[in-house]
Amino acid sequence: MRLAHHEPGTPRTTTIAGGTAQVVTSSGLGGDSTLILTATARTGHSVAALVSAWLGSFTESHDTRAAYGRDLREYLSWCAARSLDPLTTRLPEVQMYATELAAALNPRTGRPFAASTRARKLAAVSSWYTFLVRAGAIDANPARDAARPRYDRRHSPTSTVTERQAAEMINVSRRHTHRTLGTQGAALAMVLLIDLGIRVSELCNANLGDLGHRDGLRTLSIRMKGGKIRTRPIPAQLTPLLDSYLATRRTAGVTAPLLATVEGQRVNRHQIYRLVQRLAAEAGVPMPDRITPHSMRHAFNTIARERGAALEDRRDALGHSSAAVTQLYDHVALSVTRDPAHLVAAATAAPEPTPPTPG
């Protein structure tokens, strides 16, 4: 079913699948388009209710739920901009979406979406349609047979930093007066990202009540993906910074954010993202625009491996489901530092010319 054409950015009310829908769209894939559907499926549920029920099934991971929610909103906005009813689309329309997604630019980086990102976006669409089939709202999943991007799962596009670069970033953070986080807040954020290897979402979601003690050590309980909780030690080198930062905090209470802005608000991932890139530039890290909070997680794993930490210990600290995922992080460093090309180049390098013997 195709909806009546309308100008992007203007709201309208239309009939979709036997119900009404108010649609507000703007041009461009993945922009600020908003799609609000009050249409009802044959089960009597509105599309909005079906989306909410589907997202509610991801109870163990707030991050997965948030990412899939964004991905589905992109797809629904794409359908609305083309006057397509998402409840009656078929494989050709979904494949057209995948094709346009491959040609689109990531608004955050200005570069094409990575194949893994496109695969995740299509997986979100397919997951929603599978849920609709199970709920009896539609007969078949139109995204099931859509061609998915192929990519090497052993390769990670994440840029990382060396041990020396990571140490310099922490040194710079201790001298950096951040307008939003202050000096100590910026430094605490960096040491938790690098020295504990936690995810940016885990950093932003940590509360004061997650601090504790165990076996004579200060600890931080981290809520990870899949509902897992890991109690991580706060190394002795970090405790003076932590205590100094806590002494400046205006708010208290177990539910108060561990890392807050100077106004007392919980920090968000975008603030941390910008902080990491700024400190990478000040520390002289090459191509700082490619360094992200996730780069710090890779750095934690690489430094720990080079310092002799066992694979099992690194996997547990990072909260990975399997050692294979942790070894993916190893692959980033091994691919360039231990490549046999260095040995071959040393063997085939032209010798220095012998100076002529004075006659």
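These numbers were taken from a predicted model, which means no experiment stands behind them.
Using a 4.5 Å cut-off between side-chain heavy atoms of Ile, Leu, Val, Met, Phe, Trp and Tyr, with links allowed through other members, I198 and I303 fall into different hydrophobic clusters. One hydrophobic cluster holds both V133 and L55 under the rule that ILVMFWY side chains link at heavy-atom gaps under 4.5 Å. Each of V262 and L188 belongs to its own hydrophobic cluster when Ile, Leu, Val, Met, Phe, Trp and Tyr are linked at side-chain heavy-atom distances under 4.5 angstrom. In the hydrophobic clustering of ILVMFWY residues, with side-chain heavy atoms under 4.5 Å counting as a link, L91 and L132 come out apart.
Not one N or O on the side chain of R65 forms a donor-acceptor pair closer than 3.5 Å with the backbone of G56. Without hydrogens or angle criteria, E100 side chain to Y97 main chain gives no donor-acceptor distance under 3.5 Å. When atom types are taken as modelled, the side chain of D215 and the backbone of L217 share no donor-acceptor pair closer than 3.5 angstrom. Not one N or O on the side chain of E74 forms a donor-acceptor pair closer than 3.5 Å with the backbone of D71. Between the side chain of R297 and the backbone N or O of G197, at least one donor-acceptor pair lies under 3.5 Å. The closest donor-acceptor contact from the side chain of T302 to the backbone of H298 lies under 3.5 Å. Listed for the Q95 side chain is a donor-acceptor partner under 3.5 Å among the backbone atoms of A147. Side chain of S126 to main chain of L122: no donor-acceptor pair is present (N/O by atom type, distance under 3.5 Å, no hydrogens or angles).
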Inset, instruction - Could you walk me through whether R269 and E202 pass the salt bridge (Lys or Arg N to Asp or Glu O under 4.0 Å) test, one step at a time? - result: CA-CA 10 Å; R269 59 193 307 129; E202 296 163 354; over 6 Å; no

Inset, instruction - Dump the intermediate steps for side chain to side chain donor-acceptor pair (under 3.5 Å) on Q271 and T180, then the final yes or no. - result: CA-CA 8 Å; Q271 292 168 327; T180 304; 4.7 Å; no

Inset, instruction - Evaluate salt bridge (Lys or Arg N to Asp or Glu O under 4.0 Å) for R307 paired with E163, printing each intermediate quantity in order. - result: CA-CA 10 Å; R307 291 279 179 157; E163 179 178 331; 2.4 Å; yes

Legend entry - Intermediate values then yes/no, salt bridge (Lys or Arg N to Asp or Glu O under 4.0 Å), D243 and R218: CA-CA 11 Å; D243 288 336; R218 299 283 288 277; 3.0 Å; yes

Legend entry - Stepwise side-chain contact (heavy atoms from CB on, under 4.5 Å) check, I272 with C204: CA-CA 9 Å; I272 300 300; C204 295; 4.2 Å; yes

Inset, instruction - Report the C-alpha distance between N207 and R266 in whole Å, list the side-chain angles of each, state the deciding distance to 0.1 Å, and finish with yes or no for side chain to side chain donor-acceptor pair (under 3.5 Å). - result: CA-CA 9 Å; N207 295 327; R266 186 179 296 274; 2.7 Å; yes

Legend entry - Working for side-chain contact (heavy atoms from CB on, under 4.5 Å), residues N301 and L318: CA-CA 8 Å; N301 180 71; L318 292 168; 3.8 Å; yes

Inset, instruction - Let me see the working for L242 and I234 under side-chain contact (heavy atoms from CB on, under 4.5 Å), right down to the final yes or no. - result: CA-CA 9 Å; L242 175 63; I234 298 178; 3.6 Å; yes

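The closest side-chain donor-acceptor pair between T43 and H45 falls under 3.5 angstrom. For the 3.5 Å distance criterion, the side chains of D210 and S221 fail to qualify, holding no donor opposite an acceptor. No side-chain donor from either of R111 and N106 sits under 3.5 Å from a side-chain acceptor of the other. Defined by atom type and a distance below 3.5 Å, a donor-acceptor pair is present between the side-chain atoms of T89 and Y129.
Shortest non-hydrogen contact noted between R118 and P149 is NH1-CG, 3.5 Å. Counting all heavy atoms, side chain and backbone alike, A143 lies closest to V125 at CB-CG1, 4.2 Å. Looking at every heavy atom in both residues, V200 comes nearest to P293 through CB-CB, 3.8 Å. Residues A186 and H178 come closest through the heavy atom pair CB-CB, 4.0 Å. Residues L181 and A260 come closest through the heavy atom pair CD2-O, 3.9 Å. Here the shortest heavy-atom pairing between R232 and A317 reads NH1-O, 3.1 Å.
Remark: K121 qualifies as a cation-pi partner of F113 under the 6.0 Å distance and 45° angle criteria applied to the six-membered ring.
Side chains of M296 and I291 form a contact here, defined as non-hydrogen atoms less than 4.5 Å apart. Contact of the T261 side chain with the V267 side chain is registered, since non-hydrogen atoms from C-beta on lie closer than 4.5 Å.
Here CD1 of I170 is found 10.5 Å from CD of Q237. Values are rounded to the nearest 0.5 Å. Within the model, atoms CZ of R174 and CG of L241 stand 5.0 Å from one another, a figure rounded to the nearest 0.5 Å. Here the straight-line distance linking atom OH of Y273 with atom CG of L275 works out to 12.5 Å at 0.5 Å rounding. Note that CG of L196 and CG of L203 are 10.0 Å apart. Values are rounded to the nearest 0.5 Å. The OH atom of Y245 sits 6.5 Å away from the CG atom of L258 when rounded to the nearest 0.5 Å. Between D195 atom CG and M190 atom CE the span is 9.5 Å, to the nearest 0.5 Å.
Note on ring orientation: taking the six-membered ring where Trp is involved, the planes of W54 and Y68 are parallel (angle under 30°, cut-offs 30° and 60°).
Annotation: side chain to side chain donor-acceptor pair (under 3.5 Å) contacts of R230 (sequence neighbours excluded): D316. Taking R274 as the reference, nothing meets the side chain to side chain donor-acceptor pair (under 3.5 Å) condition, with sequence neighbours excluded.
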